[in-house]
Q: 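Handing you this structure, nothing more for now.
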Amino acid sequence: QVQLVESGGGSVQAGGSLRLSCAASYSTYCMGWFRQAPGEEREGVASIDSSDGSTKYADSVNGRFTISKDNAKNTLYLQMNSLKPEDTAMYYCATGRGGWCSLQPWRFAYWGQGTQVTVSS
(Lines give C-alpha, C1' and ligand atoms only; values in the text may rest on other atoms or scores of the structure.)
Protein backbone atom coordinates (compact mmCIF):
# COMPACT_ATOMS: atom_id res chain seq x y z
CA GLN A 1 0.00 0.00 0.00
CA VAL A 2 1.40 3.36 -1.05
CA GLN A 3 1.57 5.90 1.74
CA LEU A 4 2.37 9.58 1.44
CA VAL A 5 2.45 11.51 4.70
CA GLU A 6 2.68 15.29 4.67
CA SER A 7 3.86 17.39 7.59
CA GLY A 8 5.04 20.89 8.34
CA GLY A 9 1.87 22.86 7.83
CA GLY A 10 0.68 25.46 10.28
CA SER A 11 -0.33 29.06 10.79
CA VAL A 12 1.99 31.89 9.88
CA GLN A 13 1.76 35.61 9.26
CA ALA A 14 2.14 37.07 5.80
CA GLY A 15 5.77 37.27 4.81
CA GLY A 16 6.68 34.24 6.87
CA SER A 17 8.02 30.86 5.83
CA LEU A 18 7.11 27.20 6.19
CA ARG A 19 8.72 23.99 5.04
CA LEU A 20 6.48 21.11 4.10
CA SER A 21 7.69 17.52 4.02
CA CYS A 22 6.20 14.44 2.42
CA ALA A 23 7.47 11.00 3.42
CA ALA A 24 6.68 8.48 0.71
CA SER A 25 6.64 4.70 0.91
CA TYR A 26 6.76 4.67 -2.89
CA SER A 27 7.47 7.28 -5.50
CA THR A 28 7.98 7.53 -9.20
CA TYR A 29 10.42 9.87 -10.91
CA CYS A 30 7.77 12.56 -10.76
CA MET A 31 6.42 14.03 -7.54
CA GLY A 32 4.46 17.16 -6.92
CA TRP A 33 2.80 19.50 -4.47
CA PHE A 34 -0.77 20.62 -4.91
CA ARG A 35 -3.13 22.79 -2.91
CA GLN A 36 -6.84 23.22 -2.55
CA ALA A 37 -8.66 26.06 -0.86
CA PRO A 38 -12.30 25.71 0.24
CA GLY A 39 -14.60 25.97 -2.75
CA GLU A 40 -11.71 25.91 -5.19
CA GLU A 41 -10.32 23.26 -7.51
CA ARG A 42 -7.12 21.49 -6.65
CA GLU A 43 -4.20 23.24 -8.34
CA GLY A 44 -0.64 22.25 -9.02
CA VAL A 45 1.97 24.20 -7.07
CA ALA A 46 5.27 22.56 -7.97
CA SER A 47 6.62 19.33 -9.43
CA ILE A 48 10.03 17.73 -9.67
CA ASP A 49 11.31 15.16 -12.14
CA SER A 50 14.04 13.11 -10.48
CA SER A 51 15.26 11.74 -13.82
CA ASP A 52 16.78 15.10 -14.74
CA GLY A 53 16.16 17.30 -11.71
CA SER A 54 13.84 19.61 -13.61
CA THR A 55 11.18 21.52 -11.71
CA LYS A 56 7.98 23.30 -12.58
CA TYR A 57 6.13 25.95 -10.61
CA ALA A 58 2.79 27.64 -10.79
CA ASP A 59 3.14 31.29 -11.75
CA SER A 60 1.61 32.31 -8.43
CA VAL A 61 4.44 30.75 -6.40
CA ASN A 62 7.41 31.00 -8.77
CA GLY A 63 10.29 32.71 -7.02
CA ARG A 64 8.82 32.15 -3.57
CA PHE A 65 8.51 28.37 -3.31
CA THR A 66 11.19 25.74 -3.88
CA ILE A 67 10.55 22.03 -4.38
CA SER A 68 13.21 19.47 -3.63
CA LYS A 69 13.53 15.76 -3.02
CA ASP A 70 15.87 13.63 -0.95
CA ASN A 71 15.97 10.42 -2.98
CA ALA A 72 17.80 8.50 -0.27
CA LYS A 73 14.99 9.24 2.19
CA ASN A 74 12.24 9.22 -0.44
CA THR A 75 11.06 12.50 1.02
CA LEU A 76 9.70 15.46 -0.87
CA TYR A 77 9.98 19.04 0.43
CA LEU A 78 8.40 22.38 -0.32
CA GLN A 79 10.12 25.46 1.05
CA MET A 80 7.62 28.30 1.10
CA ASN A 81 8.89 31.84 1.60
CA SER A 82 7.20 35.24 1.49
CA LEU A 83 3.88 33.60 2.18
CA LYS A 84 0.70 35.47 1.30
CA PRO A 85 -2.86 35.08 2.59
CA GLU A 86 -3.83 33.68 -0.81
CA ASP A 87 -1.47 30.76 -0.18
CA THR A 88 -3.89 29.53 2.49
CA ALA A 89 -5.03 26.02 1.53
CA MET A 90 -4.68 22.33 2.22
CA TYR A 91 -1.43 21.17 0.66
CA TYR A 92 -1.04 17.67 -0.77
CA CYS A 93 1.89 15.74 -2.16
CA ALA A 94 1.49 13.16 -4.88
CA THR A 95 3.42 10.77 -7.08
CA GLY A 96 3.10 10.82 -10.83
CA ARG A 97 1.51 7.96 -12.78
CA GLY A 98 4.09 8.13 -15.56
CA GLY A 99 4.49 10.21 -18.65
CA TRP A 100 5.15 13.91 -18.62
CA CYS A 101 5.86 15.38 -15.17
CA SER A 102 3.59 18.40 -15.00
CA LEU A 103 1.29 20.30 -12.63
CA GLN A 104 -1.90 18.63 -13.79
CA PRO A 105 -3.54 16.68 -10.95
CA TRP A 106 -4.83 13.95 -13.28
CA ARG A 107 -1.23 12.93 -14.06
CA PHE A 108 -0.70 11.91 -10.42
CA ALA A 109 -1.75 8.56 -9.05
CA TYR A 110 -1.18 8.50 -5.31
CA TRP A 111 -1.98 11.26 -2.85
CA GLY A 112 -1.34 12.08 0.76
CA GLN A 113 -3.97 13.26 3.23
CA GLY A 114 -2.78 16.84 3.19
CA THR A 115 -1.43 19.40 5.63
CA GLN A 116 -3.13 22.73 6.30
CA VAL A 117 -1.34 26.01 5.66
CA THR A 118 -2.95 29.19 6.95
CA VAL A 119 -1.45 32.60 6.26
CA SER A 120 -2.86 35.60 8.08
CA SER A 121 -2.51 39.20 6.99
Side-chain angles (χ1 to χ4, degrees):
Q1 183 177 357
V2 177
Q3 286 190 319
L4 300 171
V5 180
E6 302 96 336
S7 61
S11 296
V12 64
Q13 289 192 326
S17 298
L18 285 173
R19 188 193 195 205
L20 305 184
S21 299
C22 171
S25 63
Y26 166 82
S27 68
T28 64
Y29 60 90
C30 178
M31 293 193 74
W33 286 100
F34 298 80
R35 67 186 181 186
Q36 188 168 19
E40 302 289 331
E41 291 187 355
R42 189 168 296 189
E43 65 170 342
V45 174
S47 67
I48 184 166
D49 185 333
S50 296
S51 65
D52 62 6
S54 60
T55 57
K56 294 182 178 64
Y57 295 94
D59 290 342
S60 58
V61 307
N62 198 20
R64 299 187 297 122
F65 291 9
T66 302
I67 188 171
S68 61
K69 185 183 178 189
D70 185 330
N71 290 317
K73 296 181 179 179
N74 219 18
T75 300
L76 184 71
Y77 302 99
L78 185 69
Q79 178 66 43
M80 306 186 295
N81 298 328
S82 302
L83 283 161
K84 304 175 180 180
E86 50 264 45
D87 294 319
T88 296
M90 185 72 77
Y91 282 71
Y92 302 89
C93 68
T95 63
R97 61 174 78 244
W100 186 37
C101 189
S102 72
L103 296 177
Q104 298 166 299
W106 65 268
R107 290 188 178 271
F108 290 77
Y110 298 101
W111 296 80
Q113 294 298 307
T115 185
Q116 178 68 37
V117 171
T118 303
V119 185
S120 58
S121 58

Q: Return the minimal non-hydrogen interatomic distance between Gly9 and Thr115, and the atom names on each side.
A: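 Heavy-atom minimum between the residues: N-OG1, 3.1 Å.
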
Q: Leu18 and Gly8: which non-hydrogen atoms are nearest, and at how many Å?
A: CD2-O, 3.9 Å

Q: Within this structure, what is the CD-CD distance for the pair Glu41 and Gln36, rounded to the nearest 0.5 Å?
A: 8.5 Å

Q: With no hydrogens and no angle check, is any side-chain donor or acceptor of Gln13 less than 3.5 Å from a backbone partner on Ser120?
A: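 Absent.
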
Q: If you take all heavy atoms of Leu103 and Pro105, which pair is closest and at what distance?
A: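 What the structure gives for the nearest pair is O-CD, 3.4 Å.
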
Q: Output every pair passing disulfide (SG to SG under 2.5 Å) with a member in residues 70-121, not counting sequence neighbours, ordered by first then second residue.
A: Cys22-Cys93, Cys30-Cys101

Q: Drop me the distance from Ser68's OG to Leu76's CG, to the nearest 0.5 angstrom.
A: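 It comes to 7.0 Å.
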
Q: In Å and rounded to the nearest 0.5 Å, what is the CG to OG distance from Leu83 to Ser11?
A: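 Here the rounded value is 11.0 Å.
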
Q: Tell me, with the steps shown, if Ile67 and Tyr57 meet side-chain contact (heavy atoms from CB on, under 4.5 Å).
A: CA-CA 9 Å; Ile67 188 171; Tyr57 295 94; 3.4 Å; yes

Q: So, for Leu20 and Met80, which heavy atoms are closest and what is the spacing to 0.1 Å?
A: CG-CE, 3.7 Å

Q: Thr28 side chain to Gly96 main-chain N or O, any donor-acceptor pair under 3.5 Å?
A: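 Pair found, side chain donor or acceptor close to backbone of Gly96.
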
Q: Check whether any side-chain heavy atom of Met31 lies under 4.5 Å from a side-chain heavy atom of Leu4, and answer yes or no.
A: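 They are in side-chain contact.
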
Q: How would you list all residue pairs meeting ring pair (Phe, Tyr, Trp, His ring centres under 6.0 Å) that involve residues 70-99, not counting sequence neighbours?
A: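 Residue pairs with at least one partner in residues 70-99: there are none.
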
Q: Strictly distance-based, threshold 3.5 Å: is any side-chain N or O of Gln113 a donor or acceptor partner for the main-chain N or O of Val5?
A: no

Q: Please step through side-chain contact (heavy atoms from CB on, under 4.5 Å) for the pair Glu43 and Arg35, ending with a clear verdict.
A: CA-CA 6 Å; Glu43 65 170 342; Arg35 67 186 181 186; 2.7 Å; yes

Q: List the atom of Arg107, the atom of Ser102, and the distance in Å for their closest heavy-atom pair.
A: CD-OG, 3.0 Å

Q: Should we count OH of Tyr110 as having more than 12 external heavy atoms under 6.0 Å?
A: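 12 or below, so no.
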
Q: Where is the tightest heavy-atom contact between Pro85 and Ser121, given as atom of each residue plus distance?
A: CG-CB, 3.9 Å

Q: Could you list all the ring pair (Phe, Tyr, Trp, His ring centres under 6.0 Å) pairs where at least one residue sits in residues 4-36, not counting sequence neighbours?
A: Phe34-Phe108, Phe34-Trp111

Q: So, the side chain of Asn74 versus the backbone of Ala24: is there a donor-acceptor pair under 3.5 Å, distance only?
A: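 Present.
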
Q: Say whether Met90 and Val61 are linked into one hydrophobic cluster, either directly or through other cluster members, by side-chain heavy-atom distances under 4.5 angstrom.
A: no

Q: Using a 4.5 Å cut-off on heavy atoms from C-beta on, say whether the side chain of Thr88 contacts that of Gln116.
A: yes

Q: Rounded at 0.5 Å granularity, tell me how far OG in Ser17 sits from CZ in Arg64.
A: 10.0 Å

Q: Drop me the distance from Ile48's CD1 to Asn71's CG, to the nearest 0.5 angstrom.
A: 7.5 Å

